[in-house]
Peer 1: 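Below: one structure in structure tokens.
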Amino acid sequence: MTNNFIHDAIDRDIAQKTYGERPIYTRFPPEPNGYLHIGHAKSICLNYGTAEKYGGKFNLRFDDTNPVKEDTEYVEAIKADVAWLGAKWDKCLFASDYFDKMYECAVELIRRGKAFVCDMTPDEIKNNRGTLTEPGKESPYRNRSVEENLALFEAMRDGKYADGEKCLRAKIDMASPNINMRDPVIYRIVHASHHNTGDKWCIYPMYDFAHPLEDAIEGITHSLCTLEFEDHRPLYNWVLESLEWPMAPQQIEFARLNLTNCVMSKRYLKALVDDGVVTGWDDPRMPTIAGLRRRGYTPEAIRAFCDEIGVAKGNSLVDIAMLEHFIRADLQPKTESRHVILDPIKVEIVNWPGDGLEEVELENNRDDASMGARKVPFGKYLYIEREDFMEVPAKKYFRLFPGNEVRFKGAYFLTCVSCEKDADGNVVGLKCTYDPETRSGSGFEGRKVKGTIHWVEATTAVPIRVRLYDYLFESDAVDPSKYQANPNSVREVTAMAEPSLADAKDGERFQFFRQGYFIAGRELGAEYPGGPDRGDRVFHRIVDLKSSYKPGK
Ligand code: ATP
Ligand code: MG
């Protein structure tokens with residue numbers, strides 16, 4: 001991991017022995033209210049990478065203090081995603097396991113005169129909070145005695161009140177310039193079952209009170225979070241200072257990842273799933289970890305991307321071309337090439353002797369001879385891409401047109417003689433001649449041709465289903481409320497492939513020559529998070545071969 005301002009802070013803490021002999025300890029604290037997205041990957045890589053760098057520890061902690069939005073499906077999905085990314089947690093924990101301890105801490109704050117039970121409604125509290133320029137008004141319940149507060153808080157816990165009838169507030173400063181410090185609510189009444197604790201509780205801690213305690217209980221040293229929590233840091237510190245917590249954790253903020261053509265909000269992504277805009281959280285178009293995995297992204301590529309973007313203190317928008325660069329860079333040296341025709345037209349070689357097939361050799365990876373070659377049939381009938389023929393060639397078009405000669409990759413030179421059309425004028429077939437002297441691999445080094453195209457022998461070709469993806473969102477779709485998902489973001493074609501692709505295994509990746517990187521998958525997503533995909537074979541295009549991103553720019 002490259003160094004950054006967070007690591008500078010940790011280096012200082014190590015030098016000053018801020019945490020004594022304790023290990024550097026980080027955590028990733030998702031709320032289990034949806035699947036993780038690529039933004040979360042940045043946080044996971046940062047937190048886990050930091051622990052790894054310092055020989056420290058890393059926890060996966062579910063921040064499940066809000067009973068109504070959470071679901072165990074999400075818990076399993078998040079675990080599967082974090083593990084897939086390669087982050088190894090020391091402990092997998094639930095914030096709700098600390099509800100007893102948090103309750104005790106709240107009682108302790110009351111004892112210390114630092115919290116009070118308030119009877120104002122949530123609206124009244126909001127309306128009395130003041131503004132950035134005006135202080136708030138103190139609650140009439142602010143000066144209740146410790147005894148009264150203890151009794152009322154216990155009654156809250158025992159279910160004596162309805163939702164919103166009372167709450168527990170920290171007693172800080174209604175005139176603070178930081179609105180978060182104006183006697184914030186720290187416990188509220190919610191009569192709802194919790195996925196972990198069931199009906200044991202009807203009061204639940206608020207995030208700003210719960211989070212520092214979760215960190216402190218686990219012995220977290222550096223609590224890394226995104227910039228929107230900067231204004232909450234004084235409250236984070238207030239909670240731990242008020243309880244005189246020794247060697248308290250410290251919060252450090254970094255910039256959120258925003259990516260072009262992506263929306264990063266679980267809430268919005270959930271709406272896409274619920275509204276059926278996509279097939280599920282793991283739809284290959286989704287910027288979720290599960291979607292990227294199904295699409296064919298590798299954890300290595302995502303980690304390299306996260307390392308490259310680094311951490312900064314200012315929010316910015318990263319071009320998705322950069323993420324695509326890293327998946328190409330990862331796959332290029334390790335995938336084999338295959339010939340696949342996505343939009344076939346048939347070619348007949350009119351001077352081919354008989355119907356027999358020949359075998360030609362195609363290299364598996366043009367940049368790495370050690371990856372060997374494979375034998376592929378070649379014969380009288382072939383498929384080529386429709387776009388590799390033009391009846392009337394455009395300027396600088398070097399592929400097939402009547403009278404022009406091109407190299408058929410790894411095989412012979414062919415010259416187009418004529419094209420056949422259907423009643424509507426669409427080209428349905430080509431007639432060509434070949435020159436037997438031009439076979440590659442036979443020592444032929446002869447004349448130059450300007451175009452090389454790929455092909456598949458027609459009688460042995462296997463039809464495969466291929467899914468081609470476009471972005472779900474326009475480039476700057478950062479604010480989801482303004483954008484509609486692109487309904488034409490997936491297109492399925494039946495392509496003609498060289499025979500070996502019939503034996504592709506689930507999860508196997510290939511470069512389809514000139515067409516991009518593809519993964520052998522299934523038409524439906526996993527039945528359970530991290531499980532195998534279902535249904536018939538489809539190939540997903542991971543990414544095409546064109547790149548607009550230049551590393552180091
Ligand atoms: P969302 O709005 O998508 O639900 P969130 O911040 O509410 O995101 P959490 O589950 O609370 O999601 O996030 C877990 C951790 O991931 C937090 O520490 C959060 O700061 C971090 N995180 C979330 N989104 C991003 C992002 N786009 N870039 C970097 N870190 C992120
Ligand atoms: Mg959240």
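Indexing begins at 1, ligand by ligand and atom by atom, following the structure's order. Numbering of residues begins at 1 and proceeds along the displayed sequence.
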Peer 1: Over 60° means perpendicular and under 30° means parallel, so classify the ring planes of Tyr54 and His7, tilted if in between.
Peer 2: perpendicular

Peer 1: His37 near ligand 1, heavy-atom distance under 4.0 Å?
Peer 2: yes

Peer 1: Give yes if a backbone or side-chain nitrogen or oxygen of Pro29 is under 3.5 Å from a nitrogen or oxygen of ligand 1, and no if not.
Peer 2: no

Peer 1: With heavy-atom distances below 4.0 Å as the criterion, list the atoms of ligand 1 near Ser43.
Peer 2: 16 (O), 21 (C), 30 (N)

Peer 1: Atom 8 (O) of ligand 1: which of Glu228, His40, His211, Lys42 has the nearest heavy atom?
Peer 2: His40

Peer 1: Run the numbers for me: atoms of ligand 1, each under 4.0 Å from some heavy atom of Thr226, listed by number.
Peer 2: 19 (C), 20 (O), 29 (C), 30 (N), 31 (C)

Peer 1: Within a distance under 4.0 Å of any heavy atom of Glu31, pick out the atoms of ligand 1 and give their elements.
Peer 2: 9 (P), 10 (O)

Peer 1: Any N or O of Arg267 that comes nearer than 3.5 Å to an N or O of ligand 1?
Peer 2: no

Peer 1: Please list, chain by chain and in numerical order, all residues satisfying side-chain contact (heavy atoms from CB on, under 4.5 Å) with Asp275, sequence neighbours excluded.
Peer 2: Ala271, Val277

Peer 1: Would you call the rings of Phe153 and Tyr103 parallel, tilted or perpendicular, taking 30° and 60° as the class edges?
Peer 2: parallel

Peer 1: So, Tyr204 versus Asp64: side-chain donor-acceptor pair below 3.5 Å or not?
Peer 2: no

Peer 1: Please determine whether any non-hydrogen atom of Phe28 lies less than 4.0 Å from an atom of ligand 1.
Peer 2: yes

Peer 1: Report the relative orientation of the aromatic rings in Tyr207 and His211; use parallel for angles under 30°, tilted for 30 to 60°, perpendicular for over 60°.
Peer 2: parallel

Peer 1: Lys266 to ligand 1: N or O pair under 3.5 Å?
Peer 2: yes

Peer 1: Under 3.5 Å, is there a donor on one side chain and an acceptor on the other for His222 and Asp13?
Peer 2: yes

Peer 1: Would you indicate whether the side-chain heavy atoms of Arg27 and Leu93 approach each other to under 4.5 Å?
Peer 2: no

